[in-house]
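Single-structure report; data block below.
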2 protein chains.
Amino acid sequence: MSEYRDAAGKRLVDYPRPSVAVDTAVLTVPVEDELSVLQVRDAVDGDWRLPGTFVHEGERLADAVLRSLQAKAGVTGLAPQQLQVFDDPARDSRGWVMSVGHLDVVPFSSLSRGLDESQVRLMPVAAATGMVHGHDDIVAVAAARLRAAYEVAPDPWGLVAEPFTMTELRRVHEAVAGRALLPDSFRRAMMPMLLAAEGKRAEGPGKPAGVWRRLTETHPR
Amino acid sequence: MSEYRDAAGKRLVDYPRPSVAVDTAVLTVPVEDELSVLQVRDAVDGDWRLPGTFVHEGERLADAVLRSLQAKAGVTGLAPQQLQVFDDPARDSRGWVMSVGHLDVVPFSSLSRGLDESQVRLMPVAAATGMVHGHDDIVAVAAARLRAAYEVAPDPWGLVAEPFTMTELRRVHEAVAGRALLPDSFRRAMMPMLLAAEGKRAEGPGKPAGVWRRLTETHPR
DNA sequence: CAAATAGTGTCTGTAAGACACTATCCC
DNA sequence: GGGATAGTGTCTTACAGACACTATTTG
């Protein structure tokens, strides 16, 4: 493996290399609430930040993300998506550190159990500012990526469980978009990408809503 | 700088770290031709590949890209845009290497001079396949990113020099899009983002064309 | 004049926004 | 029935595609 030598007779490890970290914006939509991001308390300075870790040798970035989420926030079963590299050599006082920002999405139902609230919290993305190391930017990029995905497909990250009513689907899309959506236009835009499911469902009074499943694939989990 | 110690009393450099490289898809539009990518000959195995280099200590990724383009292809004055990280630990036989893919765009006029054709060549993006280390993917992502940018703004990377005629602008957009565009629809879509310039220009017979400048900012160079 | 290129007028189909209307439940 | 929620009909506006037409040059 390390038999390689370059023209100067040196191995790769004979040159300076950066430490590589991953930091992840875990997004979710709490019930009847706005798009929020998971923050953890920094072990050193106690500030709120995004969960992250250094990448281990031979490890994929996505696996490092999953490991950090499990360790720092007790969250499992996700499918991280890479966003961008933060490469300012001066951004970390500990030395030469690059960080690869990631996006991950998790249904609120699988997140709400077992969080240590003194160490982990959910923050609306609009209010999650002031984090160090450019973590604010990761959240902004992650939210933009998520919004773009939700504009063209029904709940592509699987935030609502199938089967769902059109209103449930629209509430999640409204939370991601950060604004109200017209019920009739939304229904017409989504119907071609949905399959009618068996049964109906009523919350309180009113006509029971039909329930639906996705025709399009959901993001890998 | 390296005074930092973690809970185990270790410095960052006491842990394994990857080598980090940059590889760049330099795109251009040769006169009356299709969107093409710059390839260089690999110093070791002689295969055609994207220009790239290892990142030096304290260096920004964008600066490493510019350094590699200057050294490998004799190209200067660009503004690289980061695409994504290739992190498969087994992708490079020399050891643990991550590569950050980049996009850069350069007008053909500033590229056509002084290329050593045995070491550097332009290849239409559709034909630039079979490269190692996932370089084919970088080209695909770079072309997609460029196409998206050209769908909403007039020549945002400045491939044509101002002032230009509507036909010149359309030819470049057609090359980027990889298909013919309707002259009238194109004109109507672009006009609100253009400013009429002084003078006219005629190529051979026919009504002389009006010339234009961009109202929108061009990508930083 | 004809040929060639630049540019405009205008019709059509599609789709989003908006809003009124109908449908079906609980009480 | 009355209130509440689900779902549809349809008008308006905007815009891309399409194509015919006009405009201005060279030879």
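Chain letters run A, B, ... following the sequence lines, proteins first, then strands; residues in each count from 1.
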Checking all strands, does B:Thr167 fall into the base, sugar-phosphate, or nothing category for heavy-atom contacts under 4.0 angstrom?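 Result for B:Thr167 = sugar-phosphate.
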What pairs with B:Phe186 under ring-ring contact (aromatic ring centres under 6.0 Å, His included), at least two apart in sequence or on another chain?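 Applying ring-ring contact (aromatic ring centres under 6.0 Å, His included) to B:Phe186 gives B:His173.
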Output all residues satisfying ring-ring contact (aromatic ring centres under 6.0 Å, His included) with B:His219, sequence neighbours left out; order by chain, then residue number.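 With sequence neighbours excluded, B:His219 shows a ring-ring contact (aromatic ring centres under 6.0 Å, His included) to B:Trp157, given in chain and number order.
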To the nearest Å, give me how far apart [atom1] ([X]) and [atom2] ([N]) are.
| X | N | atom1 | atom2 | answer |
| --- | --- | --- | --- | --- |
| B:Arg170 | C:dT5 | CZ | C1' | 11 Å |
| B:Leu182 | D:dA18 | CG | P | 5 Å |
| A:Leu194 | D:dG7 | CG | C1' | 14 Å |
| B:Leu181 | D:dG17 | CG | P | 9 Å |
| B:Glu168 | C:dT5 | CD | P | 14 Å |
| A:Phe186 | D:dT5 | CZ | C1' | 17 Å |
| B:Met191 | D:dA16 | CE | P | 13 Å |

Side chain to side chain contact (heavy atoms under 4.5 Å, CB included) between B:Leu69 and B:Thr76, worked out: CA-CA 7 Å; B:Leu69 295 185; B:Thr76 55; over 6 Å; no
Test side-chain hydrogen bond (donor to acceptor under 3.5 Å, both in side chains) on B:Thr24 and B:Asp104 and set out the steps. CA-CA 7 Å; B:Thr24 308; B:Asp104 212 339; over 6 Å; no
Is A:Asp47 salt-bridged to A:Arg41, going by a charged N under 4.0 Å from an acidic O?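 No, A:Asp47 and A:Arg41 are not salt-bridged.
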Would you call A:Arg171-A:Glu32 a salt bridge at under 4.0 Å N-O?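 Looking at A:Arg171 and A:Glu32, the cut-off is met.
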D:dT8 phosphate, OP1 or OP2: any side-chain N/O from A:Arg187 under 4.0 angstrom?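 It does, given that an N or O in the side chain of A:Arg187 lies less than 4.0 Å from OP1 or OP2 of D:dT8.
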When you measure from the side chain of A:Gln82 to the backbone of A:His102, do you find a donor-acceptor pair of N or O atoms at a distance under 3.5 Å?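 A pair under 3.5 Å: no.
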Under the 3.5 angstrom rule, does the side chain of B:Glu168 hit a backbone N or O of B:Thr165 as a donor-acceptor pair?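 Yes; at least one donor-acceptor contact below 3.5 Å.
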Looking at side-chain heavy atoms only, is the closest gap between B:Leu50 and B:Val40 below 4.5 Å?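 The answer is no; the side chains never approach within 4.5 Å.
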Any non-hydrogen side-chain atom of A:Val100 less than 4.5 Å from a side-chain atom of A:Phe86?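 No, their side chains stay 4.5 Å or more apart.
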Check nucleotides 12-16 of chain C against the protein and report each pair of N or O atoms closer than 3.5 Å, with its distance, or say if there are none.
none

Sort me out a list of protein N/O and nucleotides 25-27 of chain D N/O pairs below 3.5 Å, or just none if empty.
{"residue": "D:dT25", "atom": "O2", "partner": "B:Gly206", "partner atom": "N", "Å": "3.1"}

I need the full list of ring pair (Phe, Tyr, Trp, His ring centres under 6.0 Å) pairs touching residues 120-140 of chain A, with sequence neighbours left out, sorted by first then second residue.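 Found none.
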Could I get a table of every N or O pair under 3.5 Å where one atom is in the protein and the other is in nucleotides 11-15 of chain D?
none

